[in-house]
2 protein chains.
Amino acid sequence: MSSLKIASWNINSVRARIDIVRQFLEQEQPDILCLQETKVRDDTFPFTMFRELGYDHFELKGQPMHHGVAIISKLPLHDSGRHDWQDNGEARHVGVRLDCGIRLENVYIPAGGDIPDRTVNTKFGQKLDFLERMIAWSAELKEPTLLVGDFNIAPLECDVWSHKQLLDVVSHTPIEVETLGRLQASHDWVDLGRHFYPAPARLHTWWSYRSPDFTANDRGRRLDHMWASPDLAKKATGHYICEPCRSWIKPSDHIPLVTVLDV
Amino acid sequence: MSSLKIASWNINSVRARIDIVRQFLEQEQPDILCLQETKVRDDTFPFTMFRELGYDHFELKGQPMHHGVAIISKLPLHDSGRHDWQDNGEARHVGVRLDCGIRLENVYIPAGGDIPDRTVNTKFGQKLDFLERMIAWSAELKEPTLLVGDFNIAPLECDVWSHKQLLDVVSHTPIEVETLGRLQASHDWVDLGRHFYPAPARLHTWWSYRSPDFTANDRGRRLDHMWASPDLAKKATGHYICEPCRSWIKPSDHIPLVTVLDV
DNA sequence: GTGTCGTAGG
DNA sequence: CCTACGACAC
């Protein structure tokens, strides 16, 4: 029995953010870091800093301009898989198996555009379709799995700064919440955030860049999540968010999430 | 009789370079700073840092994308003028009069493109024409004047890392050197650089960004100059270049020049 | 190499 | 607000 610390962070460009990624790793010392929105091709991924800190194992799924996910680890990674559920070339998923037997699945669910109507905004339809394809995949999972990433959905009323004002804002619409609910049900996923901090605790993971005084009005949302298979959830001994990272210099608009497992 | 310290620097974007401009001002504490290639519109000029350091007087001539010159001063500035000698809207000159009676003229002479042939490269023709118009202007100057800026010409053999290899490279061609010579003759300008460091002393003010190890082979050129009216030159008590600035983080490709006058 | 800008995406 | 990219200039 040993302790395993896993972090997840939408980094909004791993190259532009390399200094705060280092700062986070030095401070939290996770065994594994899952990144979303790396915005880098695999052949220009900034390996050096990670290797300097003892992270020698990488599973990358990048693309030229947008999206991009990565798993960066001090521990060996096996049986990596990259789902392109919508067969559109977008780099939104990478998964691995760890020596301890658990699978780690890192996903960046589409943001979904501005207008929450699939008839006028194809991106919103793509987001819902992406979730449907994840549901089919998730229902078949057999191994104990940690599913982490930027889900771009804040499901509960207390997951946004104003439930009423965000009911028609992409990320908190009823159709998204309902679809995410079916994804959760498809594997009986345990939402570790709410497992450790039951509603209505405040647990925001994202604040828009567009209000520079984001701490003043605190208009955040919980868009990032870590979900565990039911049996695996019992092994989670700790879970927390790293809110101070949002105030670091040149921050990401998202903050890191951390889960500690006894494995 | 008091001492007046004037600096000139092609800064290659005053906004991108704001930290090293502050570092330079704190270190050298000039009374007046002349900048070229500010690359900023006058309405978005970064006044704040300069005011924090006691520079309350500004004469700006900016434009949206390229070029742009500025005079930033602890001392009052009067009778400002902006010549657009070629009437093409390019922000390449600003001049002022100081309380001590001398005029300060800050100019950014066109680079002139890659090919030193005015029949195939209109930019080279524009550079020579710009010099001709400066000659006509300079010949009529009556006040004691300090003419500073990025002249984009290295006139002497010792002003470039290899006279032979640069004879056909824009900035050191015979026609440019001859034309700059006539500009100098038109007012009997004293080249303060060579006044204080006679040829063949090394006195480079620019090193290309394209060789990252610029200190290794030292392929520099003396493109930046400070010229004084004959009588004013007698009042120059010091002159130097600030070569370490080329090694600062996020440097300009040019270094600052400094002249001290007893006025 | 290192800026500017416009466009696209968040 | 913040990023990436591509075109252009130096």
Side-chain angles (χ1 to χ4, degrees), chain A residues 10-18 20 35-41 44 62-68 90-92 108-115 121-124 126-127 150-152 169-171 206-214 219 221 223-224 246 248-254, chain B residues 10-18 20-21 35-41 44 62-68 90-92 108-115 121-124 126-127 150-153 169-171 206-214 219 221 223-224 246 248-254:
Chain A
N10 178 317
I11 197 59
N12 188 15
S13 172
V14 67
R15 284 174 295 173
R17 225 64 76 192
I18 196 74
I20 64 166
L35 294 177
Q36 304 89 40
E37 279 210 83
T38 53
K39 292 188 177 180
V40 66
R41 280 179 288 124
T44 46
Q63 68 177 81
M65 198 158 178
H66 297 300
H67 322 313
E90 295 187 353
R92 297 186 174 276
Y108 174 47
I109 294 177
D114 286 335
I115 301 158
N121 171 15
T122 56
K123 286 178 188 158
F124 192 70
Q126 186 220 345
K127 179 178 193 172
D150 176 4
F151 293 8
N152 267 314
V169 171
V170 173
S171 73
W206 174 88
W207 293 261
S208 171
Y209 283 127
R210 296 181 203 190
S211 49
D213 57 338
F214 79 99
R219 297 190 170 179
R221 307 179 200 169
L223 301 181
D224 303 273
R246 187 59 179 80
W248 290 355
I249 35 176
K250 290 230 317 163
S252 171
D253 45 352
H254 296 252
Chain B
N10 178 318
I11 198 58
N12 189 12
S13 172
V14 66
R15 285 174 296 173
R17 225 64 75 193
I18 195 73
I20 63 167
V21 174
L35 294 177
Q36 303 89 40
E37 279 210 84
T38 52
K39 291 188 177 180
V40 66
R41 280 180 288 124
T44 46
Q63 68 177 80
M65 196 159 178
H66 296 300
H67 323 312
E90 294 187 353
R92 294 186 175 276
Y108 174 47
I109 294 177
D114 286 336
I115 301 160
N121 171 17
T122 57
K123 286 178 186 158
F124 192 71
Q126 186 220 344
K127 180 177 192 172
D150 176 4
F151 293 8
N152 268 314
I153 298 174
V169 170
V170 175
S171 73
W206 173 89
W207 294 260
S208 171
Y209 282 128
R210 297 182 202 189
S211 49
D213 58 337
F214 78 99
R219 298 190 169 179
R221 308 180 200 168
L223 302 180
D224 303 272
R246 188 59 180 80
W248 288 357
I249 35 177
K250 291 230 317 163
S252 170
D253 45 353
H254 296 252

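Labels below follow one simple rule: chain letters A, B, ... track the order of the sequence lines, proteins then strands, and each chain is numbered from 1.
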message: Please identify the 5'-most and 3'-most nucleotides of DNA chain C with any atom under 4.0 angstrom from a heavy atom of chain A.
response: C:dG9 to C:dG10
- prompt: Looking for any heavy atom pair under 4.0 Å, which part of the strands does B:His67 touch: base, sugar-phosphate only, or nothing?
  reply: sugar-phosphate
field: With sequence neighbours excluded, residues passing salt bridge (Lys or Arg N to Asp or Glu O under 4.0 Å) with A:Arg15
entry: none
Range on DNA chain D touched by chain B, heavy atoms, distance below 4.0 Å: D:dA9 to D:dC10
task: Would you classify A:Arg41 as touching base, sugar-phosphate or nothing, given that sugar-phosphate means primed atoms plus P, OP1 and OP2, and contacts are heavy atoms under 4.0 Å?
output: nothing
field: Results of side chain to side chain contact (heavy atoms under 4.5 Å, CB included) for A:Pro251 - residues two or more places apart only
entry: A:Arg246
task: Mind checking side chain to side chain contact (heavy atoms under 4.5 Å, CB included) for B:Thr122 and listing every partner two or more places apart, or none if nothing turns up?
output: none
field: Contacts of type ring-ring contact (aromatic ring centres under 6.0 Å, His included), residue A:His67, not counting sequence neighbours
entry: A:Tyr108
message: Between B:Ala111 and A:Lys250, which residue's closest nucleotide on DNA chain D lies nearer the 5′ terminus?
response: A:Lys250
field: Contacts of type salt bridge (Lys or Arg N to Asp or Glu O under 4.0 Å), residue A:Arg17, not counting sequence neighbours
entry: none
side-chain hydrogen bond (donor to acceptor under 3.5 Å, both in side chains) involving B:Asn12 - partner list, sequence neighbours excluded: B:Lys39, B:Tyr209
- prompt: What pairs with B:Asp114 under side chain to side chain contact (heavy atoms under 4.5 Å, CB included), at least two apart in sequence or on another chain?
  reply: none
field: CA sep, side-chain torsions, deciding dist, call: B:Lys127, B:Val170, side chain to side chain contact (heavy atoms under 4.5 Å, CB included)
entry: CA-CA 10 Å; B:Lys127 180 177 192 172; B:Val170 175; 3.8 Å; yes
